[in-house]
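Just so you know, these numbers use all the heavy atoms, side chains as well, and skip hydrogens, waters and symmetry mates.
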Amino acid sequence: MNIKNKLSSLMYAPLALALLAACSSDDVLENNQPTTQGQTLTINATTGGEDGTRVDFGNDGNGKYATSWEATDKINIYAGNINNVGTFTVDGAFTNHNAKLTGKLSTKLTEKTTITGYIVNGKVKTSNNGVIVENGFGKQIEMDYSVQDGTWEDAVSRCVLFGKGTYDPANASQPVDMMFEYKTTFLKLILNFGDESINTTASMCLTGDNMVSNSRIHATGATAGQTNYAKDLFINIKDVNITNGTATVYVAMYPRDLNNVYLQAVLKNGVDGVDGDVYDFNISKNSTTATKLNPGMVYTIERTGIKEGTSSTWEGEGSETNPYLIKSVADLKLLANKLKEYTGDAKYGYNNRYFELTSDLIINGEWEPIGNIGKAFRGIFDGKGHTISGNITISNLETNQGAGLFGVITTAGVTNLPCGIIKNLTSKVNISATSKNDNTLNTYTGSIVGRIITAATVENCTNKGAVKATTQFVSGIIGAIQLDGKKDLSENIKVIVEACTNEGNITNNFNNSQNKSLSVGGIIGFVNGNSSNANCKSDIEVKGCCINSATLTSLSSKYSAGIIGLIQNPRDADQSTVTACWVKNITLPTAGNRASIVSSGGGNKTDASKSLPYTINYCWADKKYNAGFACSANAVINECKIASEETFDVFYSKMNTAWGSDTYEFNTDGTIKTK
């Protein structure tokens, strides 16, 4: 068969479908080795025909391609369950698409049994985490696509090739027929930077709707070979070589229908700690229909990038009907820089000025948060449902105090103007916030906002990125809230956090050598009620928020919870209220005060009356996390349930009633929808 000619005619057309790519295995298999007893089994393994099989794409520069099993292939085989497992190898002669596999299972088969397995690569793992055997789910095959090298070798090492067949004792003398199918697809991106003098390396970030950074499929059971888990995020590609202004990048992917696919490249400029030029590539070219990616295929795409420039002004007037338009990363950076300069409208934090995000953005490298202490953002920022993705580092915490996309937001300072508002925004940004001193006090990190002072609103915002910080308080949405009274404000001033969701992992790496309070929270890290201030009349309402499938960790565990990590100095139980919030599939630190909804100090352990008060209404958790819904014996808890008491699909309607929103409500699965 003339594989070379056929591939050569396909691979260089845009979005061409080259044939399937080789998934040759490394020499590592998981530790489940069969015992000396059991059953030797012979498998007749096939990967199909010429137009749908394993293809070595050939990265030797001479156009050589081949399709073949390899003598070094190792195959992990399961017989009906996760315990009856064996390491199988290619035995004797084999052809391009067929091989005889032999190995030994740990238990002898006496009845008709489904045989499953996968060809092992260095990065293909298996996991029991989250497996529910009673539901027919077995061990899961796990693949991490989140960080790749951009080389063909690295892409192939992430290939999942899964097989399935049936053993019948009536035909025990015959090999088991087993068809292996691909669960991975590939992109070959040829990126032109438009300048042949560019010879350097770059870090890249690939984003898009349905882009998967981690996936799992079931290895055994009734759903063997089916998807169990696919985490929607983005793919980082590190240290890509650019030669004469061009880079070729190979990316392994979970095969989904993709739309709005973009790539951003940040060039290295040779100066330590300072990024070079930024280039944006529109991979999907604004197509209105999704690109269907089929497993096992290599899609070749050529694109020319656009060098990111700077902005000196925005379109629009900043009014409610004609807002300032944020159309690029440069426009977003301009807002941060204007506030930092503190001149013109920026001097007043853009009081009553409206901003609107017009498209998804990618941000990489060092980030200046929008607003800082003394120069807070006081305007209205509407994300319009768009997403900001990427990887950012925030390292000026000594002066900023607040780290996130926004640093500090606050009230307008005048009763007839709206407070600072951020709404309708999704963050898929991985944030790393560090300080010169790893135990800098009074520092706060959240994906959307680092710190809120006195009054503000954060509404309908979602975090899917990982947040890691050496700050004192860290969370998925808002790092900290300082409630504070102002004499020139009305008594009814509030911080409102509504319809916000966190799905990202949160890590507090604060070095607590001074034994200070610190916390990690799913939605809010810290609330200071400021009860020592006689004018403190501001309150906080958290409603309709949730955290799902996230891990909260802390270097020095003190306080951790799914919604609010820590409340201190409350004025009374009415100052901080959490209503209609839910928590599911979270992991909390192993020590300290831990609770599903709110964790706070217990006050004097011998005097419950000194325990810190706050109120929790109609909240739900899938299980009892350590202290339960709250750590404070003085917390007011009204009609809260765990799953064993009332399932979510029954309880959600009660949550919606308690929430009482004119705009939002929960679906039966806990997702938030607009009425």
Novice: Is there a side-chain contact between L483 and D539, using heavy atoms and a 4.5 Å cut-off?
Specialist: no
Novice: Indicate whether any N or O donor in one side chain lies under 3.5 Å from an N or O acceptor in the other, for S632 and N634.
Specialist: no
Novice: For a side chain to side chain contact (heavy atoms under 4.5 Å, CB included) with V578, tell me which candidate from I540, N617, I563, T615 qualifies.
Specialist: I563
Novice: Given side chains that start at C-beta, do those of I642 and F629 come closer than 4.5 Å, heavy atoms only?
Specialist: yes
Novice: With sequence neighbours left out, write down each residue that passes ring pair (Phe, Tyr, Trp, His ring centres under 6.0 Å) with Y254, or none if nothing qualifies.
Specialist: none
Novice: State the CZ-CZ distance between F510 and F473, to the nearest 0.5 angstrom.
Specialist: 8.0 Å
Novice: Say you draw a straight line from OH of Y348 to CZ of R378; how long is it, rounded to the nearest 0.5 Å?
Specialist: 11.0 Å
Novice: Under the criterion side-chain hydrogen bond (donor to acceptor under 3.5 Å, both in side chains), which of N210, D209, D360 is the partner of N260?
Specialist: D209
Novice: Judged by modelled atom types alone, do S600 and Q568 share a side-chain donor-acceptor pair under 3.5 Å?
Specialist: no
Novice: Is a donor from one side chain sitting under 3.5 angstrom from an acceptor on the other, for E366 and S395?
Specialist: yes
Novice: Counting C-beta onward and ignoring hydrogens, is there a side-chain heavy-atom pair between V497 and I523 closer than 4.5 Å?
Specialist: yes
Novice: Cut-off 3.5 Å, side chains only: do T471 and T445 have a donor facing an acceptor?
Specialist: yes
Novice: Evaluate the side-chain proximity of V542 to I524: yes if any heavy-atom separation is below 4.5 Å, no if none is.
Specialist: yes
Novice: Are side-chain N/O atoms of W620 and E646 paired as donor and acceptor at under 3.5 Å?
Specialist: no
Novice: Just so I know, are the side chains of F666 and F651 near enough to count as touching, which here means a heavy-atom distance under 4.5 Å?
Specialist: no
Novice: Side chains of T507 and T553: is there a donor and an acceptor less than 3.5 Å apart?
Specialist: yes
Novice: Side-chain contact, heavy-atom cut-off 4.5 Å: S549 with E503?
Specialist: no
Novice: Only one of T387, D232, T207 clears side-chain hydrogen bond (donor to acceptor under 3.5 Å, both in side chains) with K428; which?
Specialist: D232
Novice: Got a sec, which residues hit side-chain contact (heavy atoms from CB on, under 4.5 Å) with T674, two or more places apart in sequence or on another chain?
Specialist: T663, Y664
